[in-house]
Structure formats: C-alpha cells, structure tokens
Amino acid sequence: MAENHATATDVPVPYSTGDSKITDTTIAEMREIAARYPVARSALLPMLHLVQSVEGRVTPEGIEACADVLGLTGAEVSAVATFYTMYKRRPVGAYHVGVCTNTLCAVMGGDLIFERLKDHLDVGNDETTEDGKITLEHIECNAACDYAPVMMVNWEFFDDMTPESATQLVDDLREGTEVKSPRGATICTWKEAERVLAGFPDGRADEGPTGGKATLAGLRLARERNWTAPAGRQGSAPALDGVPGPRPEDQPGRESQAVHTDDTRKED
Amino acid sequence: MLTPVLSDNWDQIRSWQLASYQRQGGYDALRTALRMQPADVVTAVKDSGLRGRGGAGFPTGMKWSFIPQDNPKPKYLVVNADESEPGTCKDIPLMLASPHTLVEGVVIASYAIRASVAFIYVRGEVLHVIRRLQQAVEEAKAAGFIGQNILGSGYDLDVVVHAGAGAYICGEETALLDSLEGRRGQPRLRPPFPAVAGLYGCPTVINNVESIASVPAIIKNGADWFSSMGTEKSKGMTLYSLSGHVARPGQYEAPLGITLRQLLDLAGGVREGHELKFWTPGGSSTPLLTADHLDVPLDYEGVGSVGSMLGTKALQIFDETTCVVRAVLRWTEFYKHESCGKCTPCREGTWWLVQILERLEHGKGTEEDLDTLLDLCENILGRSFCALGDGATSPITSSIQYFKDEYLAHFENGGCPFDPMASTVFATAGASA
Ligand SMILES: Cc1cc2nc3c(=O)[nH]c(=O)nc-3n(C[C@H](O)[C@H](O)[C@H](O)COP(=O)(O)O)c2cc1C
Ligand code: SF4
Ligand code: FES
C-alpha cells in the first residue's frame, strides 16, 4: 500500500500569514529553555516544540524568533526544522491522530485502520479535516508493538485498536467528548502537548496507570508462579545509614498512595 | 524462569512516584554508590558483565572506563531513550512505570564517570512518558538526589529531560549527539569516539535506558548477583518484548539465554490455530529467523551463531497468514524514509530497494530482481556510513534466504497471494483478547 506513504504535496505550504502569536512571553520562555543547557543551541529542538505550541505549526516568525534567541540564521534553524517529522509546516488540527503502519502494526490491522480513517474523515495522509479538528498521519513504530495495532492522539497511546474503535475515537474527538488514553492522561490539545515537549510540565503525570496488560504480562505470570530473581543483598545494606536524605517514612502524606492493596508477594 | 528486577515494581500503585519507588528500596543503591570511589562503581559494573541493551551489546563498565579522567573538560552522560527501532518497546514502558529506576541509574552512572550534567534524550512522540520523566527528575531534585552536594557527598549533578522531534536516526549515538546540540541528526565520523570527544566535544558516555536502569540493582545486590543470571558471556536479566501473533504479547523479564520456545510458552503460544512463520530477534534491523530457530539461546552469542543479532530483544512474531514480502517492503520503506541522506549507498540504495520490492509485491517482478536486490544489499552493507544502512539490508537478505519461494509465488501469481485481513487481530475472534 505504497499510496499510504504519499504526502499532501498538492497543498501549498503557507508562508507568513501575518498573524503570528509569538509574544515577548514566548521569547522569554525560549531564553528559559536555552538556560537549561551548557550550550544554548541545544535548546533548539524544545524551542521549536514551543513555537508549535504557540503557533500551531512552525511559522517563519517562529523560526526567526529561535534564530534571534540563539544567534543563528533563519536558514540554519529552517534546516533543522525540516529534518524532523514532528515539526509541521502546515497548520495541525486540534488533535493529531497517528496510525502506526510500520510492519508489525500494519500486519495486525494498522493498514486497514488507516484506510478506514482516511475514508471516514475524507482526508489523505498528513491532511486536516475541514473543521480543523483532526490531522491524520500514518506514523512509524511508536514503541508500543505489544499493543498492536497502535494509534497515537497528540502522542498519547491508544492500544489494541480496530477499525471500529478507531472511528469511534475520532468521532469522540470531533464531538468534544472527553477522551482518555488507556496508558496516559485525558487528551489535551496538540498545542498543549507540544508545550510539555518543550519542557513545561502540565501537571498530568499522575493520570493513568503504571502500564497496560502487555506491560505487566510477564510480571503477572512471575507472581502467579512465584518466580523471582535470585535473592540479593536485600535488607542488609550497611551503607544505608551513612548518607542522609529523605526516606519514605519522611513523607507520610505520600505513603498512603504508595501502598499496593492486593500485593501479597513481597517478603520484606 | 522469569526474573523480574527492572519490572519488579511495575505492579505497585503509582509506581512512577518517588514515594512508591523508595518504599521498594529505591535510591538505596545511590547511597551505597556515593560511599564508594567512582572508579569502584565502574569496576562493579564491569565485573557484573552488563552489556549495552541498546542493540550492540558493548560492555557498559568498559565504556565508562574509556572516559579520560585527566581530561579537564566537563564530562557528560547521555541516556539514549529514543527507542525507535521497529519492534522495540521495552524502554518506553519502563520509563512510564518506573522512571525513578532510570533516574537513580543516571545519578549513579554520572557519579561513576564524574559527569556534571546528564541528559535523557527521549523521543518526542511519547507525551506521557515525558511527563513522568519530568516529574521524576523534579521529585529527585526536591529530595536532594540531583543537584548540589548530593546527599552530602560533595558531588553535583544536573539532569535534563530533552524531547526529540521524530527521527529514527537520532537513536544512532553520534547522530543523537548532533541532535542534542540542536542540529540535524546525522551521524559523525568515528574516531574520535564520544568517550573522548562527544557532546560539545567533551568526553561523553551514551547508554541505552535499560543499560542505565540495570545499574542500581547491580550496585545494590552486587556484581556477582547480576552475573549469577544469564550465560557465560551474556550476563544478567533483561526485558524481552513479544509482539505480533502471540496470545499474550508483552514484556517478559528473564535471564539472557532463554529461548523463543520458552518465551512463547510463557506467552500462551502463537495465536490459536496458527503457527510461527518468521520472527525478528531484536528489531527489524536484525536478520529474520524461522521456526527452525526456536531453541536458539537468546543471548549475544547464540543469536549471532545463527546469522542474526540479539539487538534489542524485540521479538516480533509473525504467523503463516503474513506475507513476508509485504513485511519486508514496509520495513524497507521505513529505512528509506529514515535514511538521513548523508551517504550515497544508503540514501540511493534504500530508494532502489523500495522500487524493486514494490514491483515484486505487486507481482510485476522477475527472478532477476531478486539478484538485483541481493546485489544492492551487498553494495549497502558495510559501505554505509552508519549501521542504519546495514540494518536496512537485514530483512531483505534474510527473507530471500528463507522464503525465496514466496517471492517467486508473487510473480507466478501475478500479485500477492495473501489476504491482508487474515493477518489482523480482528480477523479471528478472541485473538486480541
Ligand atoms: C539507526 C540506529 C538507531 C538506533 N537507535 C537506538 C535507540 O533508539 N536506542 C538505543 O538505546 N540505541 C540505539 N542505537 C544504538 C546506539 O547507537 C548505541 O549503540 C547505544 O545507545 C549504546 O548504548 P548501550 O551501550 O547501553 O547499548 C541505534 C543505532 C542505530 C545505528
Ligand atoms: S547509512 Fe543512512 S542513515 Fe547512516 S549516515 Fe548513511 S545515509 Fe545517513
Ligand atoms: S510497529 Fe506499531 S508500535 Fe511498533
């Protein structure tokens, strides 16, 4: 299905539309990112994520702002921006929907899901629905093959998909129904997600589970059959007292969260 | 049979939080390490026999010992969390469930090589993993495990979580360094090796997530404990990732040297009513194997002895409903798309490979095309600037070796003889349950 891999080259890339939303705050945040690194230029990738969070794409103004902050030319920044697939020159919808069509997911149903979604949304690869809600893209292996076929919405996992669950998912997104990733948080907008990638946390890390069924498959089996690694130096640890620092007991407020209620296995 | 160490705390409530991690003894290893001389930490990791889990299997302790401590420049640790090799899906669930295991390993490894800053370069396409990493680093800073004078030891370290932006090649360690310097991710000429001139031209260690995450357990339990697991030259436990046509796909942590037959047994076997056709031992860049290789020990030497590589231990399982030509074509399209364009054999070669494979898959090829494919592969393998080009040839040469008849059937048949529906999870009821 080579046609899956075609890009929307017929739509011209908008140059400056004259409505850039880059402000002094954006510039200040860019400087903040640059300050995290021993050499400022290392901040360029996160800065471009920040540009996308403000502009909804990489705009000429965004490129110039990065160049100004880092003392580079616009061409140098452009050369970097065009190298990486996550940076988009065309406006991205509120939700970026990725369907993994690398071999394993494709074989497990990803190709059929992608075809169904193109039909259902009436868009091609890397195109956005007319209401500006959804940008559909086929993506490469997203390190979730044990949940194939895999989809990503704004880079959150959607596992074990079918054509039906995929169309339901995009319908929910378009209708504004709250959608949760089975291994992540409540879905935010693509721009909000890009802000986290720029290094500005959104406080949602505690949402969602530790992992899904496949993540825990081996561990559950080991528990069932009482398989463990060889005993180590558990408990003895003479070195423990020497160095000060907070111990779990010092954080009573957290303790209750940490107790695993149905954990019957640990002997210590 | 299974030896959960890295995955041992994944079923704890909020296992990603510091409190939960410490309740399981988390950061005890850091306290132990900080009472040791840095060189002794390196020795312990050397003695454990830990080899890099990012694919190449280079001894981790030895890599650390290459850092020239008499070099006055700052030293850096860079964690390779780019996990993008098709089929590979171990580092992402590890960081999602227990980011502190990695963070503790980062602090210990940095102390061992006397790094002043450590970077976790994580692929950008995993939002929730990035959230959990950011939070774990903040928690560790607040607890005094990262920062100035860590736990009163006099050692200072800063840790930066850095999100990439979508490029498989940035998993290659020198391309990763260029990317982390804010450039296009293209591999660098070696030597100089990163240990001498890496990030910003300074001595740098680059390690995979799982390699670094294994360090706290080694320091805590001892090198002997670690090397009591595994085989003669492949020590310790590791995460095997089963995916595809298998009843219970997922992460299975076992000593190195377990076989696919044993792992399939644990995972409920190939999906019901079907049989194993081909599999990758360690991602798409490792030559395919077949049912003839079910009893090969999955360690570096064992898989090497049958002409493949252990790689990332990404066991992608395909049953008889899968068209091997379709599978190989799709991987080849991936390599073509991800080729960074720096060298001709890979840039031009992968383009041609796709052209020919497309023709073959659609039944328009000839037997001569197979020779051309092998010829092209010969010109890419070993002549490319980095291992991406080499990896691109693996699925092709191995599939022609084992499934030549299937290629032939395509043009005898005038097209692909397989029904793409038959291989999906929704083709058979219960297959996805
Ligand atoms: C094309 C290509 C992609 C790679 N991708 C990764 C990756 O995603 N993660 C990783 O740890 N190593 C990857 N590697 C291997 C790294 O170059 C390097 O060997 C590894 O990070 C070293 O860590 P280790 O010694 O702990 O295994 C890749 C290599 C190549 C050639
Ligand atoms: S082998 Fe491919 S990815 Fe590697 S340097 Fe050459 S063109 Fe780039
Ligand atoms: S092949 Fe789809 S997530 Fe790996």
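Order of the sequence lines fixes the chain letters, A, B, ..., with proteins taken first and strands second; residue numbering starts at 1 for each chain. Since we're looking at a predicted model, the values are computed, not measured.
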Problem set entry | Stepwise side chain to side chain contact (heavy atoms under 4.5 Å, CB included) test for M86(A) and R123(B) | CA-CA 10 Å; M86(A) 287 181 81; R123(B) 67 181 297 181; over 6 Å; no
Exercise. Tell me, side chain or backbone of C340(B) under 4.5 Å from chain A's heavy atoms, or both, or neither?
Worked result: both
Seminar exercise, completed: Bottom line for A79(A): the part with an atom under 4.5 Å from chain B's heavy atoms is both
Exercise. Donor-acceptor pair, Q134(B) side chain versus V196(A) backbone, under 3.5 Å?
Worked result: yes
Seminar exercise, completed: Turns out that what part of H245(B) lies under 4.5 Å from chain A's heavy atoms comes down to both
Exercise. Just by distance, do the side chain of S42(A) and the backbone of L180(B) share a donor-acceptor pair under 3.5 Å?
Worked result: yes
Exercise. Is the side chain of N221(B) donor-acceptor paired with the backbone N or O of A231(A) at a distance under 3.5 Å, no angle test?
Worked result: no
Problem set entry | C141(A) vs Y168(B) side-chain heavy atoms within contact, under 4.5 Å | no
Exercise. Hey, are the side chains of M1(B) and R225(A) touching, using non-hydrogen atoms and a 4.5 Å cut-off?
Worked result: no
For this session: Identify which part of A222(A) has an atom lying under 4.5 Å from any heavy atom of chain B, answering side chain, backbone, both or neither.
Result: both
Exercise. Are the side chain of H128(B) and the backbone N or O of E207(A) linked by a donor-acceptor pair below 3.5 Å?
Worked result: yes
Exercise. Considering only heavy atoms from C-beta outward, does the side chain of E181(B) approach that of L44(A) to under 4.5 Å?
Worked result: no
Seminar exercise, completed: For T210(A) and R14(B) the tightest heavy-atom approach is CG2-N, 4.2 Å
Exercise. So, R184(B) side chain and V80(A) main chain: donor-acceptor pair closer than 3.5 Å or not?
Worked result: no
Exercise. Where on L216(A) is there a heavy atom nearer than 4.5 Å to chain B: the side chain, the backbone, both, or neither?
Worked result: side chain
For this session: Sort Y21(B) into side chain, backbone, both or neither according to what part of it lies under 4.5 angstrom from a heavy atom of chain A.
Result: neither
For this session: Output the distance between atom CD (Q135(B)) and atom CZ (R204(A)), rounded to the nearest 0.5 Å.
Result: 13.5 Å
Exercise. Considering only heavy atoms, which portion of N154(A) lies under 4.5 Å from any heavy atom of chain B: side chain, backbone, both, or neither?
Worked result: backbone
Problem set entry | Sub-4.5 Å side-chain heavy-atom contact between W16(B) and D206(A) | yes
Exercise. Does any heavy atom of chain A fall under 4.5 Å from the side chain of S241(B), the backbone, both, or neither of them?
Worked result: neither
Exercise. Chain A heavy atoms under 4.5 Å from I130(B): which part of the residue, side chain, backbone, both or neither?
Worked result: side chain
Seminar exercise, completed: Turns out that what part of R220(A) lies under 4.5 Å from chain B's heavy atoms comes down to neither
Exercise. Do F426(B) and M108(A) come within less than 4.5 Å of each other through their side chains, counting heavy atoms only?
Worked result: no
Exercise. Nearest 0.5 Å, what's the CD1-CG distance between I187(A) and L127(B)?
Worked result: 8.0 Å
For this session: Against chain A, label F318(B) side chain, backbone, both or neither, depending on which of its atoms sit under 4.5 Å from a heavy atom there.
Result: side chain
Problem set entry | H162(B) vs L45(A) side-chain heavy atoms within contact, under 4.5 Å | yes
Exercise. Given that the side chain runs from C-beta out, which part of T82(A) has a heavy atom under 4.5 Å from chain B: side chain, backbone, both or neither?
Worked result: side chain
Problem set entry | Residue part contacting chain A, namely of S98(B), when any heavy atom lies under 4.5 Å | neither
Exercise. Out of curiosity, W227(A) CH2 to E253(B) CD, how far, rounded to the nearest 0.5 Å?
Worked result: 13.5 Å
Problem set entry | M152(A) versus chain B, the contacting section by heavy-atom distance below 4.5 Å | side chain
Exercise. Any donor and acceptor pair, going by atom type alone, linking the side chain of Y87(A) with main-chain N or O of G166(B) inside 3.5 Å?
Worked result: no
For this session: Check for a donor-acceptor pair, side chain of S423(B) on one end and backbone N or O of V107(A) on the other, with a separation under 3.5 Å.
Result: yes
Problem set entry | Heavy-atom contact with chain A under 4.5 Å, split by part of I169(B) | side chain
For this session: Measure C188(A) against the heavy atoms of chain B and call it side chain, backbone, both or neither at under 4.5 Å.
Result: side chain
For this session: Return yes if some donor-acceptor pair links the side-chain N/O of R330(B) with the main-chain N/O of T101(A) below 3.5 Å, else return no.
Result: yes
Exercise. Which bit of E138(B) comes within less than 4.5 Å of chain A, counting heavy atoms only: side chain, backbone, both or neither?
Worked result: neither
Exercise. Are any of the side-chain nitrogens in D146(A) or K90(B) under 4.0 Å away from the carboxylate oxygens of its partner?
Worked result: no
For this session: Heavy-atom distances under 4.5 Å only: say whether Y147(A) touches chain B with side chain, backbone, both or neither.
Result: neither
Problem set entry | Any Y252(B) side-chain heavy atom under 4.5 Å of L219(A) side chain | no
Problem set entry | V117(B) side chain reached by Y37(A) side chain, heavy atoms, under 4.5 Å | no
